[in-house]
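Here's the structure, in structure tokens; my notes come after.
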Amino acid sequence: MSTLRITDVNKVYQSDGKHVHALSHFNLELRPHEFVAIIGPSGCGKSTLLKIVAGLDSQYEGEVAIDDRKISKPGIDRGFIFQEHRLMPWLTVEKNIAADLSLRDPKVRKKVDDAIALVKLQGFEKAFPKQLSGGMAQRVAIARALIRDPKVLLLDEPFGALDAFTRNHMQEALLDIWRTNRTTMLLVTHDIDEAIFLADRIIVMKARPGEIKEIIPIELSHPRTRVSSSFLEYRKQVLQALNEFDHAEQSYSI
Ligand code: ADP
């Protein structure tokens, strides 16, 4: 059984009498606990795909299923992490994580405390978002998504707005969270090293129409060393799959 199954998804936008073929015959299955990264040029349909999987867009052909159940709208079986943390500035860390659940319920209290421990923010329960660094705020967003035990966490360039040092640190934090929590992850990124550092498989996409160009399994044990020769080999392989070896270094972070 797959946790997430995307079957023959086809998406065409119509605007100003023009058709944009955003996704063409897209097929992908994520095994339980798998970490899959999607990388590809701007306009290859990455955001469209995440929106469809999140249930935010139902105007497409094909089928998306979680644990073999077809999805048609957003649900708590899918968590979503955006590039911005989207925390409520007037709520404390713990209240942001609990969201509409009551912290007076001992079960919720325990879940929130466990989530705060998972993202290593003990001591910051009563802090407000403006008192946190960008990386800490993004960890709160991850805790908020995980508290509902989603089957799949969808991450849309979650660390794209962070500086390089914080980004590396957050990749390590996400790896720890994933190894502890084992949630299935679908990550969209522009960062080739991030994809190689984290993913079991990298899906390289191409644009017009948006489709899978190559699937690269990353057969390295964790934690991965970014400067090892095998890591650098994978970097070369991803760049070649992007088929822009000369230009890719300018448009992708490596
Ligand atoms: P990516 O996230 O990989 O940059 P998108 O999924 O945003 O790609 O877009 C895929 C293609 O669909 C692009 O050509 C984009 O211009 C087009 N597109 C996205 N959203 C819309 C929309 N609402 N209306 C028309 N075209 C769209």
Side-chain angles (χ1 to χ4, degrees), residues 4-30 35-66 71-74 78-86 138 141 145 152-162 167 170-171 174 184-199 201-216 235 237-245 247-254:
L4 170 65
R5 198 180 60 240
I6 302 166
T7 313
D8 215 19
V9 165
N10 223 14
K11 168 75 189 181
V12 178
Y13 289 106
Q14 323 256 12
S15 66
D16 301 333
K18 286 193 211 126
H19 297 242
V20 180
H21 204 168
L23 287 172
S24 170
H25 301 292
F26 193 97
N27 287 287
L28 182 65
E29 283 194 36
L30 268 65
F35 199 131
V36 168
I38 297 186
I39 198 160
S42 224
C44 72
K46 304 180 294 292
S47 305
T48 301
L49 181 73
L50 281 196
K51 263 189 255 162
I52 288 174
V53 174
L56 298 169
D57 180 355
S58 54
Q59 304 295 306
Y60 65 94
E61 290 168 27
E63 189 176 289
V64 178
I66 306 275
I71 62 112
S72 56
K73 54 182 192 327
R78 282 147 287 153
F80 210 123
I81 305 287
F82 303 91
Q83 194 173 97
E84 348 54 84
H85 54 70
R86 301 195 182 189
Q138 204 54 319
V152 184
L153 195 59
L154 308 168
L155 303 115
D156 193 359
E157 294 190 48
F159 312 137
L162 304 174
R167 198 184 311 155
M170 284 301 295
Q171 290 159 4
L174 182 63
T184 306
M185 302 275 191
L186 184 59
L187 165 79
V188 163
T189 182
H190 271 110
D191 184 330
I192 295 173
D193 274 10
E194 178 168 290
I196 302 170
F197 186 73
L198 292 168
R201 283 189 292 159
I202 299 180
I203 313 296
V204 180
M205 289 183 67
K206 63 176 268 307
R208 284 173 286 278
E211 56 192 17
I212 294 179
K213 190 163 181 216
E214 198 169 324
I215 298 181
I216 302 175
R235 183 189 285 172
Q237 202 180 332
V238 175
L239 279 167
Q240 275 166 344
L242 288 162
N243 200 15
E244 293 170 351
F245 199 86
H247 310 292
E249 288 176 52
Q250 289 152 31
S251 38
Y252 296 90
S253 316
I254 51 171

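Ligands are counted one by one from 1 in listed order, and the atoms in each one are counted from 1 as well.
- A donor-acceptor contact shorter than 3.5 Å links the side chain of Arg167 to the backbone of Leu162.
- Given atom 17 (C) of ligand 1, the protein heavy atom at minimum distance is Val20 CG1, 3.7 Å.
- The protein non-hydrogen atom at the shortest distance from atom 2 (O) of ligand 1 is Ser47 OG, 2.7 Å.
- Annotation: Gly43 places an N or O atom under 3.5 Å from an N or O atom of ligand 1; distance criterion only.
- Residue contact annotation: Gly40 has no non-hydrogen atom under 4.0 Å from ligand 1.
- Among protein heavy atoms, the minimum distance from atom 20 (N) of ligand 1 is reached at Tyr13 CZ, 3.3 Å.
- A donor-acceptor pair under 3.5 Å is absent between the side-chain atoms of Lys46 and the main chain of Ile39, judged by distance alone.
- The line from CG of Leu155 to CD of Glu194 is 9.0 Å long, rounded to the nearest 0.5 Å.
- Between Lys11 and Glu61 no salt bridge is recorded (no basic side-chain N to carboxylate O distance below 4.0 Å).
- Looking at ligand 1, you'll find an N or O of Gly45 within less than 3.5 Å of one of its N or O atoms.
- Note that atom 15 (C) of ligand 1 has no protein non-hydrogen atoms nearby, at separations under 4.0 angstrom.
- At distances below 3.5 Å, at least one donor-acceptor pair connects side-chain atoms of Asp191 with backbone N or O atoms of Asp193.
- Inclusion of Ser15 in the set of residues having an N or O under 3.5 Å from an N or O of ligand 1 is not warranted.
- Every N/O-N/O distance between Arg208 and ligand 1 stays at or above 3.5 Å.
- Using a 4.0 angstrom heavy-atom cutoff, Gly210 does not count as in contact with ligand 1.
- Under the 3.5 Å distance criterion, the side-chain polar atoms of Gln138 are matched with a main-chain donor or acceptor of Pro158.
- For atom 9 (O) of ligand 1, the closest heavy atom belonging to the protein is Thr48 OG1, 3.8 Å.
- Asn27 CG to Arg5 CZ: the interatomic distance, rounded to the nearest 0.5 Å, is 10.5 Å.
- Counting heavy atoms of neighbouring residues, nucleotides and ligands inside a 6.0 Å radius, atom CD of Gln14 exceeds 12 of them.
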